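To start, the structure itself, in structure tokens.
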Amino acid sequence: MKYPFSEVEKKWRDFWEAEEIYKTDLSNDEKALYSLVMFIYPSGAKTHIGHWYNYAPTDSWARFKKMQGFNVFEPIGYDAFGLPAENYAIKTGVHPKDSTMKNIADIREQLKGMGCMYDWSKELTTCVPEYYKWNQWLFIQLYKKGLAYRKAAPVNWCPSCKTVLANEQVQADGTCERCDTMVERKNLTQWFFKITEYADELLDGLKKIDWPEKTKTMQENWIGKSFGTEVTFKVDGSDEEIKVFTTRPDTLFGVTYVVLAPEHELVQKLVKPEFADDANKYIDSVKSLSEIERTSTVKEKTGVPIGAYAINPVNGEKVPVWIADYALVTYGTGCVMAVPAHDERDFEFATKFNLPIRKVILKEGTNPDEELKEAFTGIGTMINSGQFDGLRSDEGKEKISDWLEEKGFGTRRINYRLRDWLISRQRYWGTPIPVVYCDNCGEVLIPEKDLPVELPYEVDFKPDGASPLASNEDFVNVACPKCGAPAKRDVDTMDTFVDSSWYYLRYLSPHYSNGMFDSGLANKWTPVHKYVGGAEHATMHLLYARFIYKFLRDLGLVESDEPFQSLVHQGTITNDGTKMSKSKGNVVNPGDFVEKYGADVFRMYLMFMGPYELGGDWNDKGIVGVDRFVQRSYNLFTNNKDLLKRVKDADVYDLEKLNDEEKIVYKKVNRTIAKFENEVDNFRFNTAVAALMELLNDLTKYFDKVSDEVKLYVLRRYAVMLAPLAPHLGEECGALLGAEGSVFVNPPKFKADEKALVQENAIIAVQVNGKMRAKLELPVDSGEATVKDAAFADSKVKQHTEGKTIVREIYVKNRIYNIVVK
RNA sequence: GCCGAAGUGGCGGAAUUGGUAGACGCGCUGGACUCAAAAUCCAGUUUGGGAUAACCAAGUGCCGGUUCGAGCCCGGCCUUCGGUACCA
């Protein structure tokens with residue numbers, strides 16, 4: 001009989017919901033396990049394969065843990081603010097709130113169809129005042145600690161649309177995606193969170209968490225801690241000073257020019273009138289370049305001199321000041337001391353513009369007069385460096401730094417590549433920033449008792465040069481909370497990464513009104529035990545969330561140091577090699593497959609496709625294989641209906657008392673249990689499914705000759721293994737055997753029978769010169785002498801060794817016997 | 001460009017610690033069942049040579065290295081993917 005998946009799946013989902021099986025008792029933290037997936041972004045695409053690939057296997061893991069006796073909390077929610085809803089509104093006129101709420105309603109139904117054990121009583125949405133009120137509260141706390149501040153920062157500005165563009169909206173050639181106008185960089189005063197204050201702790205914390213090495217490496221590189229020295233260059237004929245950050249003070253005598261970022265504030269002060277035209281032209285030409293283009297090491301170097309000269313503090317030498325796009329205002333001091341002989345970029349630049357290249361570090365075994373063909377960046381002996389000549393350059397680095405500090409020309413400094421978190425967005429669909437600007441009092445926080453600052457519904461979100469909120473006068477005009485004078489609200493909204501930096505804490509008490517979240521519960525349930533989401537979040541979201549968690553700890557709201565104890569990345573599912581997205585029109589709809597095969601088959605196929613961390617290109621060819629497996633499993637149970645009511649099985653069987661087929665089946669099921677547990681526990685679902693398929697193959701082959709008792713023993717275990725991967729089917733199979741209720745409530749715990757796992761024989765490969773020539777089946781742990789005799793008794797081994805000198809023999813127990821001949 | 005990954009049969013993939021390359025599944029080929037088809041079941045299936053066998057040789061993106069032995073370790077490339085601070 002064909003497995004009636006749609007009836008069965010509906011039946012069990014209704015049962016789970018009616019019995020509230022997945023409602024977690026959060027007050028009970030004994031064996032508490034918080035299994036978290038990255039919440040869903042409710043854009044127009046609804047749920048796609050990528051969501052299923054993230055959520056369904058993680059749910060299988062969570063179910064597996066629940067069946068092992070853990071008190072599992074598995075929530076879901078909606079990351080509901082953000083750009084796409086607003087773009088959709090601009091295009092269609094549908095209000096972001098309306099489209100988002102509708103999408104959420106649709107997505108909720110789709111999520112329920114996946115059959116995950118979400119605790120729906122803890123569902124959360126970020127775009128409601130009940131949630132975003134606490135973003136504002138968080139902002140205020142950061143502000144009070146000096147960790148939220150304003151400064152100027154560039155945005156992408158389309159002069160034709162009169163709007164700020166996201167990087168995503170700027171095309172590869174630097175034009176606007178809507179109107180193809182060249183996009184410019186424009187400076188705006190914006191809010192920042194001072195994540196750099198936590199840079200060291202964010203680095204150190206990586207040592208304590210169980211995360212993929214590659215993610216930790218990426219975060220480490222992203223933070224980019226470097227030790228160096230800040231050196232002050234006086235400017236010839238001016239009171240201004242140029243401060244440069246360098247990790248190579250040992251090359252200071254090799255400086256032949258100084259580079260400022262074109263946007264650097266000093267440029268306009270230092271540029272000589274006769275250089276101003278060219279400099280400004282250059283500054284304009286750089287405006288349309290992205291940072292990636294600017295820092296590219298293959299792009300031709302560009303720059304112009306500004307007529308000023310800097311004085312090298314170590315030798316009093318005057319060197320020209322240039323501006324060049326390879327210097328960035330966002331890194332270090334925005335000024336670079338150029339040492340062409342010992343820096344690749346400087347070398348290229350100096351070669352192009354005929355600037356002097358002075359060797360100050362001598363590579364071992366080379367001649368001081370030899371011309372450099374490329375920059376030498378290694379360690380060597382210092383030359384042309386005054387009193388430091390003859391020192392090894394790594395030692396000289398310290399000596400020069402000491403000298404600079406002594407003379408007041410510089411100080412040792414630690415620099416980070418990490419920049420503060422810019423949270424202002426000139427958009428509508430986000431959390432309003434709880435600040436007003438008053439002519440008398442300056443920037444004033446909204447008092448906590450007046451939160452939330454609600455996002456008004458009535459705004460014109462069509463671009464007209466200002467943030468959309470500026471168009472709502474009732475919102476903008478407000479009395480200053482301090483002095484009562486007329487004041488104006490901040491009309492920007494917050495980056496949505498603010499919402500996602502603490503949502504997992506809110507899940508525990510989504511309607512809590514006395515604070516951001518219930519601290520008591522948070523301390524019972526965090527750090528989150530397992531966090532599963534895409535690797536694309538490796539640096540930004542995961543770094544912001546760690547930062548905010550540490551800040552909340554410093555406020556006393558949580559006790560631990562890290563939010564996510566263990567992290568897993570599912571891979572990306574692509575379609576024809578590219579990431580699925582609605583704009584590309586290559587989204588594969590899971591609904592079609594669910595309708596045809598059922599949710600269980602679909603989610604099991606996603607798990608079977610390949611390694612979870614790898615993802616891969618979407619291909620539905622293999623799904624019929626999983627469907628066949630499900631059909632065969634179902635038939636196996638219908639053929640053995642109500643066994644539980646008819647016979648009684650033992651907990652353990654004595655292998656000696658079983659017939660041959662029973663022995664095979666008994667050993668196989670126990671080996672499968674051992675393998676299966678190890679695989680699922682480590683998110684290796686593909687091999688877990690394969691193990692069950694192997695088991696089923698053996699069962700179909702040998703079950704004829706197996707007693708009902710042993711059959712029951714095997715099938716009970718089989719149903720329990722099936723349940724986390726295919727929850728509806730697992731329940732149904734259990735019920736077919738005659739079990740009552742849900743297998744996820746007080747599930748039977750089956751351990752593999754160690755005796756059944758013991759191997760009697762090992763197959764040993766015999767190699768001659770590394771080539772496999774024979775296989776020997778010998779008792780496990782046979783000694784070398786026994787194996788040697790057996791090996792040389794083999795005719796093929798004889799054939800390949802006769803008449804040759806045996807040089808060496810290597811024996812690896814139970815694995816290999818290698819004979820090396822000449 | 002920079003940072004981080006990945007590359008194995010016709011296809012998805014397995015090989016968990018440097019030790020039998022190709023588990024499991026798809027597809028394909030042949031067979032059984034059927035009037036026939038579908039479904040199902042059974043057998044075969046890395047490539048080349050050989051007679052279908054025995055057997056021989058080659059083989060894990062490319063080039064080189066370490067080792068008795070490399071898909072796995074090291075060096076250098078190529079291709080694809082993720083991120084690159086306003087997509088989330």
Side-chain angles (χ1 to χ4, degrees), chain A residues 2 38-41 43 79 81-84 87 155-156 164-170 212-215 217-218 220-222 224 290-299 330 417-427 495-497 499-500 534-541 543-544 569 571-572 574 577-579 581 583 605 608-611 613-617 619-626 628-629 631-632 635 675 678-679 682 684 686-687 689-694 697 700 763-767 769-772 774-775 796 799 807-810 812 814-820:
Chain A
K2 198 156 161 38
M38 290 182 182
F39 62 173
I40 190 162
Y41 185 78
S43 70
D79 185 12
F81 274 139
L83 183 69
N87 284 340
V155 294
N156 300 310
V164 174
L165 299 180
N167 290 339
E168 184 187 52
Q169 297 174 293
V170 180
E213 275 316 309
K214 62 160 187 163
T215 310
T217 307
M218 276 191 267
E220 209 178 298
N221 293 338
W222 184 265
S290 71
E291 244 171 56
I292 293 173
E293 291 168 315
R294 284 176 55 164
T295 53
S296 165
T297 51
V298 291
K299 175 186 150 278
T330 49
R417 203 188 75 100
L418 178 70
R419 311 204 288 251
D420 278 337
W421 176 10
L422 193 169
I423 59 126
S424 293
R425 296 290 181 272
Q426 294 69 41
R427 301 189 207 293
D495 180 6
T496 52
F497 277 128
D499 312 59
S500 55
E536 66 270 23
H537 294 293
T539 46
M540 305 185 71
H541 159 61
L543 210 48
Y544 295 143
H569 295 304
T572 315
T574 56
T578 47
K579 207 173 163 180
S581 77
S583 55
Y605 177 58
F608 185 59
M609 269 172 36
E613 289 81 5
L614 223 58
D617 209 41
N619 178 346
D620 60 16
K621 275 189 197 162
I623 195 167
V624 292
V626 175
R628 277 176 205 152
F629 168 73
Q631 300 298 338
R632 289 170 63 203
N635 286 334
K675 171 148 178 104
N678 191 20
E679 302 300 274
N682 292 293
R684 289 190 294 259
N686 55 333
T687 43
V689 175
L692 293 186
M693 287 173 167
E694 276 190 51
N697 288 344
T700 34
I763 293 168
I764 296 163
V766 182
Q767 298 182 338
N769 285 350
K771 282 192 180 181
M772 222 263 293
K775 289 179 189 180
K796 274 184 71 188
Q799 192 188 316
V807 182
R808 213 176 141 182
E809 284 160 83
I810 296 116
V812 180
N814 301 325
R815 292 210 178 261
I816 214 145
Y817 195 87
N818 191 11
I819 304 156
V820 186

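What you see is a predicted model; the values in this text were computed from it and never measured. Below, chain A is the first sequence line, B the second, and so on; all start at residue 1.
- Contact annotation for A:Gln169: no contact, since no heavy-atom pair falls under 4.0 Å across all strands.
- For A:Asn697, a side-chain nitrogen or oxygen approaches OP1 or OP2 of B:G25 to under 4.0 Å.
- Across the P atoms, B:G13 and B:C81 are found 15 Å apart, a figure rounded to whole Å.
- Here the separation of B:G25 from B:U17, taken at their P atoms, is 25 Å to the nearest Å.
- When Watson-Crick and G-U wobble pairs are counted only if both distances are under 3.5 Å, B:G25 pairs with B:C11.
- At the heavy-atom level, A:Lys796 lies under 4.0 Å from the strands shown only through sugar-phosphate atoms.
- A donor-acceptor contact shorter than 3.5 Å links the side chain of A:Asn818 to the backbone of A:Gly770.
- Base engagement by A:Ile763 is indicated by at least one non-hydrogen atom pair under 4.0 Å involving a base atom.
- Using a 4.5 Å cut-off on side-chain heavy atoms (C-beta onward), A:Val766 and A:Ile819 make contact.
- When all heavy atoms of A:Ser500 and A:His541 are compared, the closest pair comes out as O-CE1, 3.1 Å.
- Judged by distance alone with a 3.5 Å cut-off, no donor-acceptor contact links the side chain of A:Gln631 to the base of B:U40.
- A donor and an acceptor atom never sit less than 3.5 Å apart when one is taken from the side chain of A:Asn221 and the other from the base of B:C3.
- Contact annotation for A:Tyr41: backbone-only contact, meaning every heavy-atom pair under 4.0 Å involves sugar-phosphate atoms and none involves a base.
- Comparing B:G9 with B:G71, their P atoms sit 14 Å apart, to the nearest whole Å.
- Across all strands shown, the partner of B:G4 is B:C81, judged by Watson-Crick or G-U wobble contacts whose two distances both fall under 3.5 Å.
- Between A:Tyr605 and A:Ile623 the shortest heavy-atom distance is CE1-N, 3.5 Å.
- Relative to the side chain of A:Asp79, the nucleotides B:G82, B:U16, B:A88 differ in distance, and B:A88 lies closest.
- Of the C1' atoms belonging to B:C33 and B:G27, the separation is 22 Å, rounded to the nearest Å.
- Note that CD1 of A:Ile292 is 8.5 Å distant from CG of A:Asn167, once rounded to the nearest 0.5 Å.
- When both distances must be under 3.5 Å, the Watson-Crick or G-U wobble mate of B:A58 is B:U46.
- Two residues are said to be in side-chain contact when any heavy atoms from C-beta on lie closer than 4.5 Å; A:Trp421 and A:Phe497 meet this criterion.
- Using a 4.0 Å heavy-atom distance criterion, A:Thr700 is classed as making no nucleic acid contact.
- For B:A58, the OP1/OP2 oxygens have a side-chain nitrogen or oxygen of A:Lys771 closer than 4.0 Å.
- Residue-level contact check: A:Val624 touches the backbone only, with heavy atoms under 4.0 Å from sugar-phosphate atoms and none from bases.
- Closest to the side chain of A:Leu83, out of B:C24, B:C68, B:A88, is B:A88.
- Within 4.0 Å of A:Val298, counting heavy atoms only, lie sugar-phosphate atoms of the nucleic acid but no base atom.
- For B:A14, one of the phosphate oxygens OP1 or OP2 lies less than 4.0 angstrom from a side-chain nitrogen or oxygen of A:Asn686.
- Using a 4.0 Å heavy-atom distance criterion, A:Gln767 is classed as a base contact.
- For A:Lys214 and A:Val820, each mapped to the nucleotide of RNA chain B holding its nearest heavy atom, the one lying further toward the 5' end belongs to A:Lys214.
- Phosphate contact (OP1/OP2 of B:G69, side-chain N/O of A:Arg808, threshold under 4.0 Å): absent.
- Picking from B:U16, B:G13, B:C26 the nucleotide with the shortest atom distance to the side chain of A:Arg684 gives B:U16.
- Nucleic acid contact for A:Lys775: base, since at least one base atom lies under 4.0 Å from a heavy atom of the residue.
- Its glycosidic angle being within 90° of 0, B:G9 falls on the syn side.
- Within 4.0 Å of A:Arg417, counting heavy atoms only, lies at least one base atom of the nucleic acid.
- With B:U16, B:G19, B:G1 as the candidates, the nucleotide lying closest to the side chain of A:Glu679 is B:U16.
- Proximity note for A:Asn678 (side chain, C-beta onward) versus B:A23, B:U16, B:A58: the nearest is B:U16.
- Comparing the C1' positions of B:U46 and B:C42 gives an interatomic distance of 23 Å, to the nearest angstrom.
- Counting non-hydrogen atoms under 4.0 angstrom, A:His541 reaches nothing in the nucleic acid.
- Using a 4.0 Å heavy-atom distance criterion, A:Arg628 is classed as a sugar-phosphate-only contact.
- Looking at the side chain of A:Lys621, the nearest of the listed nucleotides B:C26, B:A5, B:A88 is B:C26.
- The nucleotide whose nearest atom lies closest to any side-chain atom of A:Ala166 is, among B:A14, B:C87, B:C55, B:C87.
- Contact annotation for A:Glu536: base contact, defined as any heavy-atom pair under 4.0 Å involving a base atom.
- Applying the 4.0 Å criterion to OP1 and OP2 of B:C81, one finds that A:Thr572 has every side-chain N and O outside that range.
- Among B:G69, B:U20, B:G83, the nucleotide with an atom closest to any side-chain atom of A:Ala765 is B:U20.
- Here B:U34 sits opposite no nucleotide as a Watson-Crick or G-U wobble pair (both hydrogen-bonding atom distances under 3.5 Å).
- Taking every side-chain heavy atom of A:Met609 into account, B:G12 is the closest of B:G12, B:U84, B:A14.
- No hydrogens or angles were tested; on distance alone, nothing pairs the side chain of A:Lys2 with the base of B:U40 as donor and acceptor under 3.5 Å.
- For the pair A:Met218 and A:Ala538, the tightest heavy-atom approach, listed with the atom from each and the gap, is CE-CB, 3.9 Å.
- A:Phe497 comes within contact range of at least one nucleobase, with a heavy-atom separation under 4.0 Å.
- Using modelled atom types, no side-chain atom of A:Asn682 and backbone atom of A:Arg684 make a donor-acceptor pair closer than 3.5 Å.
- Across B:A14, B:G83, B:G12, the shortest atom-to-atom separation from the side chain of A:Trp222 is found for B:G83.
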